[in-house]
Amino acid sequence: MTKRISLTRYLVEQQREHGHIPAQLRLLIEVVARACKHIAISVNKGALGEVLGSAGSENVQGEVQKKLDIIANEVLIEANEWGGHLAAMASEEMDSIHVVPNRYPQGEYLLLFDPLDGSSNIDVNVSIGTIFSVLRKVTNNRGVSEEDFLQPGKQQAAAGYCVFGPQSTLVLTVGEGVAMFTLDRETGSWVLTQENVQIPEDTKEFAINMSNMRHWDAPVRRYIDECLAGKEGPRGKDFNMRWVASMVADVHRILTRGGVFMYPWDQREPDKPGKLRLMYEANPMSFLIEQAGGMATNGRQRIMDVVPGKLHERVAVVLGSKNEVQRVTEYHLETTH
Ligand code: AHM
Ligand code: MG
């Protein structure tokens with residue numbers, strides 16, 4: 001029988017080999033993984049669990065919240081409040097940070113999450129997921145405020161996501177490569193199914209919402225036009241397109257077989273840098289992509305170098321196979337604004 005390595009064992013062995021997963025961080029990752037398991041169970045119940053449909057409320061970004069957005073948010077908060085590993089949490093679904101209540105010990109980590117990414121896919125039974133990012137509280141002041149969260153993505157201690165698709169898969173980095181764990185529903189444990197994930201440097205597959213084409217900036221238009229021109233065009237090869245409208249699913253495909261994902265700035269809302277959120281969507285995904293040998297920029301700059309000005313800051317995103325992201329970024333840098 002092949003040896004099955006659980007998430008717990010993987011984390012213990014990583015700590016022994018590299019010594020960079022302190023006990024609090026290990027607890028944090030295990031608690032997040034357990035919460036993801038509970039979210040997976042709710043997602044799988046679907047209509048039988050009365051979890052589909054709208055909750056009738058709006059989040060801070062003015063988006064209508066789905067029942068599962070709220071359920072997943074509550075699961076993550078309840079699971080993470082009492083362990084003593086966290087100082088505070090922040091979420092796409094909460095206006096401001098959630099400080100660990102006084103009745104529990106305060107830990108040294110900060111956790112950010114998009115509890116349910118791909119909300120528009122919940123009711124149509126298409127892959128969705130949970131994205132998370134872990135920072136250290138670097139200031140020694142008592143108490144914790146939003147300022148403590150405003151660190152660039154390169155300071156993340158860990159990041160990951162769980163995709164709820166035909167399988168539930170947890171994808172994790174603690175800064176030593178990317179590992180994937182599949183949920184074994186019979187035993188209820190996360191089992192290591194891939195280590196040292198590597199993204200091919202070249203690809204023939206792009207992911208972008210083409211319906212926004214008329215709003216794009218010139219460099220994005222140029223890149224996609226060249227892909228669409230196929231074999232006869234300047235790239236000399238045919239490209240394929242995929243767009244799931246769940247970032248977790250699109251990133252999961254790219255980590256599995258390569259590709260480039262883009263949610264660029266566009267003219268619909270010119271004052272916003274992009275649609276996706278820097279701190280709990282773009283940063284954790286960029287950390288995973290870079291750890292797998294890929295690249296992630298906002299078109300001009302490495303995403304993980306961007307210093308956030310506010311919790312719910314948005315950012316343009318270009319990530320995936322290195323040579324393609326490099327090309328899109330060069331097209332942007334050649335165009336001066
Ligand atoms: P959400 O976190 O509210 O679900 O929004 C983020 C999602 C991403 O998962 C996905 O890439 C994008 O929004 C899809 O946007 P669009 O519907 O504009 O194609
Ligand atoms: Mg999201």
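Atoms within each ligand, like the ligands themselves, are counted from 1 in listed order. A quick note: this is a predicted structure, and the numbers were derived from the prediction, not measured. Just so you know, these numbers use all the heavy atoms, side chains as well, and skip hydrogens, waters and symmetry mates.
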**Report entry** Donor-acceptor pair between Gln167 and Thr182 side chains, under 3.5 angstrom
**Finding:** no
Query raised in the report: Do Glu324 and Tyr223 meet the criterion of a side-chain donor-acceptor pair at a distance under 3.5 Å?
Result: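 Yes - a donor-acceptor pair under 3.5 Å links their side chains.
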Query raised in the report: ligand 1 and Ser120, any nitrogen or oxygen pair closer than 3.5 angstrom?
Result: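 No, Ser120 has no N/O under 3.5 Å of an N/O on ligand 1.
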Report task. Could you tell me whether Asp114 and ligand 1 have an N or O pair separated by under 3.5 Å? Result ->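 Min N/O separation from ligand 1 is below 3.5 Å for Asp114.
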Report task. Measure from atom 9 (O) of ligand 1 to every heavy atom in Arg277, Glu92, Met247 and give the option owning the shortest one. Result ->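 The nearest heavy atom belongs to Met247.
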Query raised in the report: Under the side-chain hydrogen bond (donor to acceptor under 3.5 Å, both in side chains) test, which residues partner Asn298, sequence neighbours left out?
Result: none
Query raised in the report: Under the side-chain hydrogen bond (donor to acceptor under 3.5 Å, both in side chains) test, which residues partner Asp305, sequence neighbours left out?
Result: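 By the side-chain hydrogen bond (donor to acceptor under 3.5 Å, both in side chains) rule, Asp305 matches Lys154, Arg302.
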Which atoms of ligand 1 sit under 4.0 Å from any heavy atom of [X]?
X      : value
Asn209 : 16 (P), 18 (O), 19 (O)
Glu281 : 2 (O), 6 (C)
Ser246 : 9 (O)
Gly118 : 1 (P), 4 (O), 9 (O)

Report summary line: One should read off an interatomic distance between Leu112 CG and Ser91 OG, to the nearest 0.5 angstrom, of 9.0 Å
Query raised in the report: Is it the side chain, the backbone, both or neither of Val244 that has a heavy atom closer than 4.0 Å to ligand 1?
Result: neither
Query raised in the report: Side chain or backbone of Tyr280 under 4.0 Å from ligand 1, or both, or neither, by non-hydrogen atoms?
Result: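 Near ligand 1, Tyr280 shows nothing, with every heavy atom at 4.0 Å or more.
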Report task. Decide whether the shortest distance between a heavy atom of Ala245 and an atom of ligand 1 is less than 4.0 Å. Result ->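 Yes, that is the case, since the closest heavy atom of the residue is under 4.0 Å from the ligand.
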Report task. Mind telling me whether Phe239 and Phe206 have parallel, tilted or perpendicular rings, with 30° and 60° as the class edges? Result ->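 Geometry flag for Phe239 against Phe206: tilted rings.
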Query - Gly309 to Glu313 - nearest heavy-atom pair and separation - result: N-OE1, 2.6 Å
